[in-house]
Amino acid sequence: MFATKLKTQLLLITVMPLLLTIAVITLFILFEVLDNIESEVVKRGESIANQASIMSEFPLYTGDVDALKNVADLMIKTHDLAYIRFIDSTGQLLIHEKAFRQKGDLREFNFPVRTQAPNLDDFRATPPINTADDLGIIEIGLNNNSAEAQRFQAYTKVLGIAFIALLLGCLFVYLFSRKLTNAISSLISSAHRLEQRDFSVRSHENGSGELLKFQRTFNKMIDSLQQNDADLQEKVSAATASLNYTVSQLSEKNTALAQQRQETIDLERSKAILEERERIMRDMHDGIGGQLVASLALLEREQDSQIKQNIYTVLTECLNDLRLIIHSLSMQNSVLSSLLADFKYRTSRKLEQLDIELDWHVDDKAEQLNIKPQTGLHLLRILQEAFTNILKHAKASSIEFSAKQSPHGFQILIQDNGQFTPDSLKSPGHGISNMKTRAKQLGGSLNIEQPASGGCRIILSIPD
């Protein structure tokens with residue numbers, strides 16, 4: 001589109017002066033030809049009038065009308081002569097002869113007829129003075145058709161030549177402008193692509209003269225820009241790589257510092273928690289624990305009775321519950337395997353007293369599972385309630401305990417061979433309800449079922 005617009009502008013710029021020049025030259029030639037035609041008409045009229053004057057001088061001088069009639073008849077036969085009149089010196093019309101065919105415009109000429117007095121003295125010392133007498137006037141009318149035909153031919157030839165010159169000029173201008181616009185369009189297209197940082201573009205060297213030199217210079221400039229851009233890109237790439245390396249090093253150092261700071265914060269927090277746990281454990285052990293142990297010692301001195309036995313049972317359960325809480329707060333039991341091992345140690349003595357066999361299996365994954373004190377307390381209470389129910393109500397002789405990794409978390413299974421019926425779950429006590437509630441608080445689930453071999457099976461699933 002731009003090339004078309006450029007060609008149009010160039011055509012307008014070059015054709016307009018060409019048209020003006022051809023118009024001026026055409027008008028000049030036309031005026032010159034018309035002037036020549038006019039001069040020829042005047043000369044012809046004067047020539048005819050001069051001949052008629054020479055032939056009619058003597059008849060006018062003598063007043064011989066018949067001779068003038070003969071002269072008129074002879075002259076009227078002249079080509080393009082429309083009429084001829086002879087008028088004497090007094091203004092009287094002597095002869096008026098017309099041609100048979102008079103068409104078109106007429107051109108009139110008046111020519112006086114004079115006579116020269118004869119010079120009889122040829123030997124005077126001074127030059128003679130010529131005197132002339134007016135004998136009359138000759139009026140002739142020339143038909144203007146020949147002149148009009150000449151003018152029409154002149155118009156036709158000059159305009160035809162001008163039209164041919166215009167066509168040749170337009171053709172020459174078109175070819176010149178096409179070559180020029182192609183060269184300029186190539187330059188402009190290359191400049192636009194160069195503006196978009198496309199240094200692979202080159203201008204077609206299709207110009208001539210100074211324009212061709214300019215195209216070659218333009219291509220050399222692009223070569224230089226391409227080389228400079230390549231050098232700049234190389235420097236930028238090197239600087240970017242260095243900067244990225246520096247940023248990476250700083251990021252790694254910052255990450256290491258942040259990790260060290262977090263580890264320091266966690267260590268300080270763990271230390272503070274450990275100190276607080278130890279303080280609480282000491283206070284509970286030395287305070288409440290000591291009071292419970294002392295109360296049990298005093299109670300043993302009393303006489304046996306149902307009230308003593310009830311109080312002793314309640315105090316014993318309180319002491320066991322206190323120990324359970326203290327064990328859940330111990331840092332040694334922050335790993336699931338340690339927590340389960342401590343529970344096994346405290347439960348094994350009761351099982352031996354009741355002659356109950358314990359089959360204990362714990363997956364190695366338990367050593368990698370860290371638990372919070374609150375999570376450990378919920379888990380210990382669920383295990384305590386499960387084993388208490390077995391010891392008090394199941395009358396079992398063996399218990400199978402397993403803790404292993406499952407697809408949905410960590411699973412603990414407790415199964416006995418005692419007495420159990422599914423109907424007993426229809427009106428469960430507070431113990432089973434509390435176990436399920438604590439399992440939900442751990443984000444897991446607790447299911448109780450009867451296997452085909454009998455007894456009871458408790459499945460506790462907790463998330464990792």
Side-chain angles (χ1 to χ4, degrees), residues 1-7 9 179-277 331-338 363-376 405-410 442-443 462-464:
M1 181 177 180
F2 178 80
T4 304
K5 185 177 181 181
L6 182 61
K7 288 181 180 179
Q9 292 178 351
K179 184 175 182 180
L180 183 62
T181 52
N182 289 338
I184 296 177
S185 297
S186 177
L187 282 171
I188 294 175
S189 176
S190 301
H192 285 168
R193 293 179 59 184
L194 184 62
E195 186 179 4
Q196 299 173 359
R197 301 186 63 82
D198 184 6
F199 296 104
S200 62
V201 66
R202 294 295 184 274
S203 175
H204 297 292
E205 297 180 358
N206 52 359
S208 60
E210 295 296 328
L211 187 58
L212 179 59
K213 293 181 180 179
F214 181 75
Q215 287 177 324
R216 291 174 178 173
T217 304
F218 183 77
N219 290 334
K220 290 181 180 179
M221 180 191 70
I222 297 178
D223 293 337
S224 179
L225 289 175
Q226 186 177 20
Q227 183 63 36
N228 292 338
D229 182 72
D231 295 341
L232 181 61
Q233 290 294 334
E234 185 178 356
K235 292 180 181 179
V236 170
S237 299
T240 303
S242 177
L243 182 61
N244 291 336
Y245 177 76
T246 304
V247 171
S248 177
Q249 293 294 320
L250 291 175
S251 177
E252 292 178 359
K253 291 182 179 179
N254 289 335
T255 303
L257 289 175
Q259 185 176 0
Q260 291 178 1
R261 181 173 59 185
Q262 187 63 37
E263 290 177 355
T264 302
I265 293 174
D266 293 341
L267 183 61
E268 293 292 335
R269 183 181 298 171
S270 299
K271 182 179 179 181
I273 293 173
L274 178 60
E275 292 176 354
E276 185 65 18
R277 285 183 183 178
M331 285 297 295
Q332 296 177 354
N333 295 331
S334 60
V335 180
L336 181 60
S337 60
S338 300
D363 195 352
D364 294 337
K365 295 290 185 179
E367 297 180 359
Q368 303 174 2
L369 186 61
N370 295 323
I371 58 175
K372 297 180 181 180
Q374 187 64 29
T375 302
Q405 185 73 32
S406 68
H408 303 289
F410 207 81
L442 292 175
I462 56 176
D464 292 340

Say you draw a straight line from CD1 of I462 to OG1 of T375; how long is it, rounded to the nearest 0.5 Å? 8.0 Å

Could you tell me whether the side chain of D229 and the main chain of L225 form a donor-acceptor pair under 3.5 Å? no

Let me confirm one number: the OG-CD distance from S337 to Q368, rounded to the nearest 0.5 Å. 9.5 Å

When rounded to the nearest 0.5 Å, the distance separating CD of Q226 from CG of N219 is 11.0 Å

Using modelled atom types only, decide if a donor and an acceptor are shared between the side chain of S237 and the backbone of Q233 within a distance under 3.5 Å. yes

Any donor-acceptor pair under 3.5 Å from T246 side chain to S242 backbone: yes

Could you give the distance from CG (L250) to OG1 (T255), rounded to the nearest 0.5 Å? 10.5 Å

Keeping T240 on the side-chain end and V236 on the backbone end, is there a donor-acceptor pair under 3.5 Å? yes

Any chance you could measure T264, atom OG1, to L257, atom CG, to the nearest 0.5 Å? 10.0 Å

Would you give the length of the straight line joining atom CZ of R261 to atom CG of N254, rounded to the nearest 0.5 angstrom? 9.5 Å

Contact summary for L442 and P463, nearest pair of heavy atoms: O-CD, 3.4 Å

Would you indicate whether the side-chain heavy atoms of D223 and Q227 approach each other to under 4.5 Å? no

Take atom CD in E234; do more than 12 heavy atoms of anything else shown fall under 6.0 Å from it? no

